[in-house]
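The structure appears below as structure tokens.
Residue numbers start at 1 and run along the sequence shown.
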Amino acid sequence: MKTYLKTKLIVYQTLILLPLIVLFSFAKKSGITGVTNSNAKSCGECHAPSPSNNIVFSINSDADLNNIPPNTRIKFTLTSSYPSAKVSGTNIAVKNAINGTQNVGTLSPEMNSGLKLKNSELTHSSPNNCLNGEFTYNFYWTSPQNEGTYYLQAAVLMGNGNGKEDANDVWNWIQPVQLTVKNQPSTVNDNTSINSQKKFLYFEPSSDKFTINIPFDKIVELNSIQIFDLQGKEISSMNHKSQEIINTEFSSIQEILPSGVYLITYNFLKEKYIEIFLLNK
């Protein structure tokens, strides 16, 4: 009888713990956060016990990382390569210091990037299939309002694809990338374009509205457009989109703005331009 009761107890314990074991395992396959600091817990708890220097990393951005304006969205591309890797996973964060405790700014995944936002950090939604031992993550970071020096950190796993976590899955941290956010000096142009040919801002009499026309070679350098009143209060901000989408949004803004004088600021990668426009309804 005692043996029966003991066996019954073990069965009950197993039934209770099994969902937790499955949930814990699934959670890791669907991404975890908090492992970007090299002085904290790591992928080594479930995969290879030590980081591997054989993983090759490359990281690129579309901005000067030593001179980032506040509230600016930057695109990053992180590529990891390991010859025998079948799948990849990652955890990406921007910290207030190397191995810092505070996440800074706003991270966001590119569509179909294999990433998701969790706990203000990015992680994989499920193991991503590598191509020839390589996988690329595309994501964005919007800088904070405050000036400062911050650090992009990431831990990347390159797995063997056998469907379980084991010591043959290699991983490593990337070298932290320094991000310097600085307020940019205002450069007020003389109502001409960068090439001194045309204004950015045009009034279209047929529609009684203003439209924006930025030269093709500069639209790729545009981070955002902001609209202010004469007291310096920000009324609206438009992130870099196509010129058509910007004008559609700009048209809607003019519908709701009362008559008055406004400032429109064009924030490019390395410079800022300001124009004045008058709404007279």
Side-chain angles (χ1 to χ4, degrees), residues 60-64 67-77 105-117 120 122 137-145 181 183-281:
N60 297 292
S61 71
D62 62 359
D64 177 4
N67 191 26
I68 304 170
N71 295 322
T72 300
R73 190 174 79 155
I74 299 170
K75 181 177 179 178
F76 288 92
T77 300
T106 304
L107 286 164
S108 56
E110 186 175 73
M111 187 176 295
N112 299 321
S113 63
L115 294 170
K116 66 180 179 181
L117 187 66
S120 300
L122 294 175
Y137 294 98
N138 295 306
F139 60 95
Y140 300 91
W141 180 67
T142 301
S143 58
Q145 178 64 45
V181 177
N183 287 319
Q184 307 296 302
S186 295
T187 303
V188 181
N189 74 344
D190 57 355
N191 283 334
T192 62
S193 74
I194 292 170
N195 296 322
S196 300
Q197 296 293 325
K198 299 177 181 178
K199 296 188 297 183
F200 293 145
L201 198 63
Y202 288 88
F203 181 70
E204 302 286 352
S206 59
S207 64
D208 291 329
K209 291 179 182 177
F210 287 92
T211 59
I212 296 170
N213 184 19
I214 297 172
F216 178 77
D217 61 333
K218 293 303 296 182
I219 192 72
V220 295
E221 297 183 13
L222 181 66
N223 281 317
S224 64
I225 295 176
Q226 296 169 285
I227 299 173
F228 298 87
D229 62 20
L230 292 183
Q231 285 70 48
K233 179 182 177 182
E234 183 177 321
I235 296 170
S236 179
S237 179
M238 298 176 283
N239 290 329
H240 176 204
K241 304 168 183 173
S242 70
Q243 197 145 254
E244 292 76 15
I245 295 176
I246 287 174
N247 273 314
T248 299
E249 191 170 337
F250 188 38
S251 177
S252 300
I253 292 169
Q254 292 176 73
E255 292 282 357
I256 61 175
L257 282 179
S259 296
V261 180
Y262 300 92
L263 300 176
I264 184 165
T265 302
Y266 310 90
N267 299 304
F268 294 95
L269 291 181
K270 297 182 180 180
E271 49 204 345
K272 179 183 292 187
Y273 284 77
I274 299 173
E275 285 188 290
I276 297 173
F277 70 100
L278 171 66
L279 281 182
N280 187 12
K281 298 182 177 180

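When every heavy atom of Ser237 is checked against every heavy atom of Gln226, the shortest pair comes out as OG-CG, 3.9 Å. Here the closest heavy-atom approach between residue Pro70 and residue Ser143 is recorded as C-OG, 3.4 Å. Scanning both residues, Phe250 and Ile227, for their nearest heavy atoms gives CE1-CD1, 3.7 Å. Shown here for Leu107 and Ser120, the closest heavy-atom pair between the two residues is CD1-O, 4.0 Å.
Asp64 is not listed as a side-chain neighbour of Leu269, based on a closest heavy-atom distance of 4.5 Å or more. With a 4.5 Å cut-off on side-chain heavy atoms, Asn267 and Pro69 do not count as touching. In this structure, Leu117 and Ser108 have side chains that are not in contact, with every pair of non-hydrogen atoms separated by 4.5 Å or more. The shortest distance between side-chain heavy atoms of Glu249 and Ile225 does not fall below 4.5 Å. Between Tyr137 and Leu122 there is no side-chain heavy-atom pair separated by less than 4.5 Å. At least one side-chain heavy atom of Ile212 sits less than 4.5 Å from a side-chain heavy atom of Ile264.
Judged as a salt bridge (charged side-chain N to carboxylate O under 4.0 Å, His left out), and not counting sequence neighbours, the contacts of Glu110 are Lys75. With sequence neighbours left out, Lys270 forms a side chain to side chain donor-acceptor pair (under 3.5 Å) with no residue at all.
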Review point. Given Asn60 and Thr77, is the side chain to side chain donor-acceptor pair (under 3.5 Å) satisfied, shown in steps?
Key: CA-CA 5 Å; Asn60 297 292; Thr77 300; 6.0 Å; no

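The structure places OG of Ser61 at 12.5 Å from OH of Tyr140, a figure rounded to the nearest 0.5 Å. Atoms CE and CD1, from Met238 and Ile246 in turn, are 6.5 Å apart once rounded to the nearest 0.5 Å. Taken to the nearest 0.5 Å, the CD atom of Glu234 stands 7.0 Å off from the CG atom of Asn71. If you take OH on Tyr266 and CD1 on Ile219, they are separated by 10.5 Å, rounding to the nearest 0.5 Å. Here the CG atom belonging to Leu201 is positioned 13.0 Å from the CD1 atom belonging to Ile274, to the nearest 0.5 angstrom. Interatomic distance, Ser207 OG to Asn247 CG, rounded to the nearest 0.5 Å: 9.5 Å.
The backbone N or O of Ile214 sits less than 3.5 Å from a side-chain atom of Gln243, completing a donor-acceptor pair. Remark: the backbone N or O of Glu244 is paired with a side-chain donor or acceptor of Thr248 at under 3.5 angstrom.
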For a quick test of your reading: what N or O donor-acceptor pairs under 3.5 Å do the side chains of residues 255-262 make, sequence neighbours left out?
residue	atom	partner	partner atom	Å
Glu255	OE2	Lys209	NZ	2.4
Ser259	OG	Lys281	N	2.9
Tyr262	OH	Pro258	O	2.7

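Using cut-offs of 30° and 60° for the angle between ring planes, the Phe200 and Tyr273 rings count as perpendicular.
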